[in-house]
Each structure stands twice: as C-alpha cells, then as structure tokens.
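Every chain is numbered from 1 and lettered A, B, ... according to where its sequence line falls, protein lines coming before strand lines.
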Number of protein chains: 2
Amino acid sequence: MEPVPMLLAMTYRALGDQFHDRLAQLGLEPLRPAHGYVFRFLKEKRATTVDIGHHLGVTKQAAAKIVNELDGWGYVLREPHPTDKRAQYVTLTTKGRDYLKFADNLWTDLESEMAEAIGADTLDTVKQGLAAYLRHVHGEDQPGLRPVW
Amino acid sequence: MEPVPMLLAMTYRALGDQFHDRLAQLGLEPLRPAHGYVFRFLKEKRATTVDIGHHLGVTKQAAAKIVNELDGWGYVLREPHPTDKRAQYVTLTTKGRDYLKFADNLWTDLESEMAEAIGADTLDTVKQGLAAYLRHVHGEDQPGLRPVW
DNA sequence: TAAGGTTGGACAACTTGGTTGACTACTTTG
DNA sequence: CAAAGTAGTCAACCAAGTTGTCCAACCTTA
C-alpha cells in the first residue's frame, strides 16, 4: 500500500485535475486554487489585500498580484475603506459570486462521485479521520491555509 | 465540514511539515519531496535521468537539475551505461541508501502517530478509501506520479 | 552499410509564482 | 505631538519548472 502522503497528494491531484478540466471546458479564465480560496474568503468577510495575504499564508505583495488578476477579470473590485484612507476593501462582483456558486456545485458533484465510487460511509470516515488528525496536530487554531498549491 | 480537497491538502501539508521539521533538526541538506521520490525510484531499478524525469512527470531538464543536486550532495553517482554510450545510470550511494532508510523510519513514525491519534482502524479505512478512489479514477495505469510538490 | 530518423544529455533563455527590500502615505500609541 | 507601525505599490531577485536548440550516439531500413 502506498504511503499516506502519497495517497493524499494523488487524490488531491485527481480531484483538482477533474475540477480544472471541467472548468476549462467552459473557457473560463485560468483560475488557480488560490483564486478560489480568495473567493471563499471574501464571501465570508470584507477584507483588504493584507488580510487576504494573511489568510492565504503569502506576503501582501503576492496577494496583491492575485487581487490584481481577479480585478482585471472582473471577479472582484476595490472600494475605499470607510475609516482608513490607506486601505481598500476587496469585494466580490456578481461575476465573482456566480463563479463561486458554479464552483461549489462542481465540487459537490465531484464529492458525490467520490461517495458513489467508494461508498458514502467510507467517504464520511475519511473526512472525519482527516479532520480529527488536523485537530490533533493543530489544536483549534488552524494554520493560515496555504495547503499545497 | 471542510471540503474534501482542503482536508487532503492540509493533512498532506501537516505530515510533510512535521517530516521536514524533524529532518531539519538533523542539519541535513534541504531535500525536497522530489528528491525523496527519486530515492525511492532508484532503490527499485537502475535508471537514467530521462527515466527519472518520466517517473516524476517532469522534463528531462528538470530531472537533470535534481540529479545534479543529489550528485553534488553525494547521495547519488552516475556510472556509464553498459551498452549505450550516451546514457548514464544514476545510482544511490551509501549515503543515499542511509538517508532513504532514515526517511522511511520517520514516515513510519508519523503514520504510527496518526494511527494513534485517529485510531488504527480509521486510518486503515482512510487509506483503503483513497486507494479505491484512485483506482476508480485512473484504472490500473497510475499517472506518472507528480503529486503536488 | 549508408541514410535518415530518434534519443540521452547538456546549455541557454524564458515563465511562473512566489520572495525580500525600500518607500510613501496614513494611522496608532506613548 | 513625535515615534512607531501599517496598507499598498514598485522593483529586484529567486526557485523550479518550461521550451528550444544542439551534438553525439543509437536504431531502422532499404
């Protein structure tokens, strides 16, 4: 049996590849995982570029580059911060929210296919097991994302 | 509950970070995952740089860079190919085999800790589940490695 | 057995996705 | 109110890959 990290990485890759393939069929912009994480983050809360960088676990410069791309594609826009004249809030546009909804559906589909392939109960055990291990390692304070990409 | 890809990525990261931390404590060279995969590959079979590139799923140039590093650190050496004067076999040195043994022990430790944290039966279900999914997606012909790194 | 296509290895230029460092304008704190 | 800290931008750099080119050696194959 393959070692655990290999299994994790290959499964992650398999899922990601399928997601990307289906996305590419629609001729969307070449969004990378980091973009998706930004969407998900912005759905929750208003955030500045610095916030995003912190959430992704990269420097603010790297985050700024990503935000610039998303802005250029029309997925987000910047609006002035109400109290801090230096800062700007980055917010999702309608296009951004539409993309996120679409992506969520796609992920749900992929997870359903996985459940069908290996059994819903097995998938559930997998998820619970990994989540438990992460709690074991990190305690409650999850690390600033930055998985692999 | 977090979506599956996130769980996979974070768990992979958590394991990899711990591995790397413990390795770094020993002041070893900054080996990356790709190096480890090369070691494991070379333990099985004699291989040329091109073979290695194919196995890793990268170009031969990228593979050559990795082999050069490993050579510089004394983990591998090149020896002439018996029948093909262009080619060279890359083989593990004693230092390389020692490292591999050490790394294997470390991975075994980490997996044991994981088993302890979430239960050996749960870990087993996780492994079986992921392996089953990979078979479902890829059939028998595993893709040329290249997980995430 | 010579000719033409293929392959292993190396070198160079470029691309990507990040980094560190420096600077300005603004904010917060002692 | 002065000093320290922070948001955002610009620029230089770096790591790990890519493509493109080449040569020498190796297959075919006619």
Atom OH of A:Y89 to atom P of D:dA7: distance rounded to whole Å? 12 Å
Using OP1 and OP2 only, check whether a side-chain N or O of A:R78 sits under 4.0 Å from D:dA7. no
Side chains of B:E69 and B:Y75 only: does a donor on one sit below 3.5 Å from an acceptor on the other? no
Out of C:dG9, C:dC26, D:dT9, which nucleotide sits closest to the side chain of B:T49? C:dG9
Can you tell which of A:L42, A:L70, A:V58, A:V76 makes a side chain to side chain contact (heavy atoms under 4.5 Å, CB included) with A:I52? A:L42
Return yes if some donor-acceptor pair links the side-chain N/O of B:H138 with the main-chain N/O of B:R135 below 3.5 Å, else return no. no
Quick check for you: among D:dC26, D:dG8, C:dG8, whose closest atom lies nearest to any side-chain atom of B:K85? D:dC26
Can you identify which nucleotide, out of D:dA16, D:dG8, D:dG17, has its nearest atom closest to the B:I66 side chain? D:dG17
Which whole-number value in Å describes the distance from B:Q88 CD to D:dC26 C1'? 16 Å
A:Q61 has its side chain closest, among C:dT20, D:dG8, C:dA25, to C:dT20
Euclidean distance, atom NE2 of residue B:H55 to atom P of C:dG8 [Å, nearest integer]: 17 Å
Please tell me which of the listed nucleotides, C:dG9, C:dG18, D:dA25, lies nearest to the side chain of B:D84? D:dA25
Looking only at C:dT6, D:dG17, C:dT27, the nucleotide nearest the B:R86 side chain is C:dT6
Whole-Å distance separating the CD atom of B:E79 from the P atom of C:dG8: 18 Å
Need one value for B:A64: base, sugar-phosphate or nothing, where a base atom within 4.0 Å counts as base even if backbone is also close, heavy atoms only. nothing
Round to the nearest Å and state the distance from A:L70 atom CG to C:dG17 atom P. 13 Å
Nearest-nucleotide pick for A:T48, side chain only, options being C:dG8, D:dA16, D:dG8: D:dG8
A:H81 NE2 to D:dT6 P, in whole Å, measures 15 Å
Rounded to the nearest angstrom, tell me the gap between atom CG in B:N68 and atom C1' in D:dA15. 15 Å
For B:K60 and for B:K65, find the nucleotide of DNA chain D with the closest heavy atom, then tell me which residue's nucleotide is more 5'. B:K65
Between D:dC14 atom C1' and B:R32 atom CZ, what is the distance in whole Å? 13 Å
Do the charged groups of A:D51 and A:R46 touch, with an N to O distance under 4.0 Å? no
Is the centre of the B:Y99 ring less than 6.0 Å from the centre of the B:F39 ring? yes
